[in-house]
There are 2 protein chains.
Amino acid sequence: MDKLIPNITPAKPTPNYHHGNLREALLAASVDLIGQQGIQALSLRKLAQLVGVSHTSCYHHFKDKDALLAAVAEQGFGQISKGLRQIMDNADTQLMDKLKQAVSGYVSFATQNPTQYELMFGRDLWQGENHSQFQRVAKDSFRQYVYLFEQFQQEGILAASENPLRLAQLMWSTLHGLAKLASDGIFAKQGDLDDIIEYALKRVEGLINISPT
Amino acid sequence: MDKLIPNITPAKPTPNYHHGNLREALLAASVDLIGQQGIQALSLRKLAQLVGVSHTSCYHHFKDKDALLAAVAEQGFGQISKGLRQIMDNADTQLMDKLKQAVSGYVSFATQNPTQYELMFGRDLWQGENHSQFQRVAKDSFRQYVYLFEQFQQEGILAASENPLRLAQLMWSTLHGLAKLASDGIFAKQGDLDDIIEYALKRVEGLINISPT
DNA sequence: AAACAATGTAAACACTGTTAAGATAGTAAT
DNA sequence: ATTACTATCTTAACAGTGTTTACATTGTTT
């Protein structure tokens with residue numbers, strides 16, 4: 001779906017004074033530029049030149065540079081949410097398989113879009129001003145994990161004594177940690193990743209079958 | 001140990017041409033400034049003004065702005081390592097209690113120094129140029145977790161069939177995820193954190209007692 | 001005392017985000 | 001269709017940034 005080498009073509013021959021679709025173009029160029037050169041390398045001016053437009057025109061579509069970054073991050077969460085929903089809505093898949101697919105899908109996104117993933121969890125977007133729209137989309141993607149564990153419980157696979165929310169929080173923390181550390185190559189070598197995931201899933205399976213206190 | 005409101009005093013009356021301890025002063029001021037205003041707010045000029053020195057003097061102690069940030073991050077890992085070592089070296093503490101203390105200590109650091117923690121795991125420092133010294137200190141702090149689980153195994157508490165490295169990687173991922181999400185208030189409310197940690201530790205305890213395949 | 005290296009400063013460069021004022025083009029109202 | 005209006009894009013300017021270059025001051029070694 002994503003091109004391996006996104007094409008950053010320096011301006012296209014748009015004879016129109018009004019670009020017509022500048023907002024989307026800016027977002028797309030941002031994803032490309034960030035993916036290739038890192039978050040730091042993204043400047044409004046470079047971006048505008050890439051799209052073939054004056055750099056101040058950005059301010060008609062985004063309040064801030066921060067707002068643009070928030071939109072890029074939001075798009076990332078949207079992508080994850082979409083993928084999760086497709087997995088969840090497949091009636092032919094067993095619950096445990098859904099979990100496995102959800103996990104590997106999440107980690108895949110992080111490792112394939114490491115800089116965007118970094119942006120999505122940057123402290124600025126969560127702590128600073130209220131990028132409320134962005135945060136809403138992000139939290140929606142999380143609720144699907146809670147929903148998954150609730151289904152586990154409804155089908156009696158997971159003991160009623162367990163707390164689905166806590167379980168989802170714990171599992172998602174692990175997932176985020178794995179994704180982050182793997183995508184940045186911090187500790188686990190890229191190859192070890194699958195091993196660790198398998199290792200983690202075994203634990204969850206044990207938890208589900210044994211269902212301890 | 002850390003002051004709640006670090007004092008950012010704008011320049012001290014240093015009549016000396018040579019500051020004498022500029023490197024340390026810059027690091028300390030960086031930690032303060034970052035902690036109060038965020039990473040983005042740190043500029044070499046602001047920093048220099050805070051210490052009462054010309055902004056170009058930084059380049060005699062750090063190659064880059066990035067190098068300075070790496071030093072700040074390195075100091076953070078050093079702090080964590082030191083705390084872990086104190087826990088590990090206490091002969092009067094049981095292994096399981098050491099684990100608990102290590103976990104809560106780690107999370108405490110992250111929640112009390114959220115911006116520095118963010119910096120420590122920023123992609124730039126891990127991906128970009130080779131801040132080798134920084135990475136060495138960081139990885140040292142991780143090895144202590146591996147060492148802990150190895151001890152578990154030596155004392156027969158953890159089944160020999162388990163892989164201490166994998167276990168440490170998994171646990172540390174979880175820990176990092178929890179710390180990050182909690183310190184930025186992303187999903188878990190700050191109050192829920194203790195619950196989740198307790199929940200997580202129970203899982204590890206179960207793993208250790210039952211010692212499954 | 002002279003030579004040297006370490007550590008400080010000042011000036012200049014290219015680049016950044018942001019604002020303000022004006023140009024252009026589509027759209028709705030008369 | 002002409003007018004008014006709004007959305008969109010441009011140019012010009014501003015303050016602030018990291019970094020380099022050349023120079024000043026100090027501490028140390030010969």
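Chain A is the first sequence line, chain B the second, and so forth, proteins listed ahead of strands; every chain is numbered from 1.
- The aromatic rings of A/W172 and A/F142 sit perpendicular to each other, their planes meeting at more than 60°, with 30° as the lower class boundary.
- Each of D/dT19, C/dG8, D/dC9 was ranked by its minimum atom distance to the side chain of B/K65; first place goes to D/dT19.
- In this structure, B/L26 places its CG atom 12 Å from P of C/dT7, rounding to the nearest Å.
- The side chain to side chain contact (heavy atoms under 4.5 Å, CB included) with A/M120 is formed by just one residue from the set A/I80, A/V72, A/T115; it is A/I80.
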What donor-acceptor contacts under 3.5 angstrom involve side-chain atoms of residues 61-70 of chain A, with partners at least two apart or in another chain?
unit_1: A/K63; atom_1: NZ; unit_2: A/E129; atom_2: OE1; d: 3.0
unit_1: A/K65; atom_1: NZ; unit_2: A/L42; atom_2: O; d: 2.9

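- As a whole-Å value, the separation of B/F62 CZ from D/dT20 P is 16 Å.
- Going from atom CG of A/D64 over to atom C1' of C/dT19 covers 12 Å, rounded to whole Å.
- The pair A/K180-A/D184 counts as a salt bridge, with a side-chain nitrogen and a carboxylate oxygen less than 4.0 angstrom apart.
- Taking atom OH of residue A/Y59 and atom C1' of nucleotide C/dG22, one finds them 18 Å apart after rounding to whole Å.
- If you check C/dT18, D/dT8, C/dG8 against the side chain of B/H61, the one that comes closest is C/dG8.
- One can place CD1 of B/I39 at 17 Å from C1' of D/dT17, the figure rounded to the nearest angstrom.
- With 3.5 Å as the limit, one finds no donor-acceptor pair spanning the side chains of A/E162 and A/Q153.
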- prompt: For A/L99 and A/F152, what are the C-alpha separation, side-chain angles and deciding distance, and is it a side-chain contact (heavy atoms from CB on, under 4.5 Å)?
  reply: CA-CA 10 Å; A/L99 177 61; A/F152 270 117; 4.3 Å; yes
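- A/N21 places its CG atom 19 Å from the P atom of C/dA25, with the value rounded to the nearest Å.
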message: Return a single string for nucleotides 11-16 of chain D, one symbol per nucleotide in 5' to 3' order, where B is base contact, S is sugar-phosphate-only contact and - is none, cutoff 4.0 angstrom on heavy atoms.
response: BBB---
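- Counting non-hydrogen atoms under 4.0 angstrom, B/L47 reaches nothing in the nucleic acid.
- Summarising the geometry, the separation between CZ on A/R23 and P on D/dC9 is reported as 13 Å, rounded to the nearest angstrom.
- If you measure from atom CG of A/D66 to atom C1' of C/dT18, you get 13 Å, rounded to the nearest angstrom.
- Remark: side-chain polar atoms of B/N130 are not paired, donor with acceptor, to backbone N or O of B/S132 under 3.5 angstrom.
- Comparing A/A41 and A/H60 by the nucleotide of DNA chain C that holds the closest heavy atom to each, the one mapping nearer the 5' end is A/A41.
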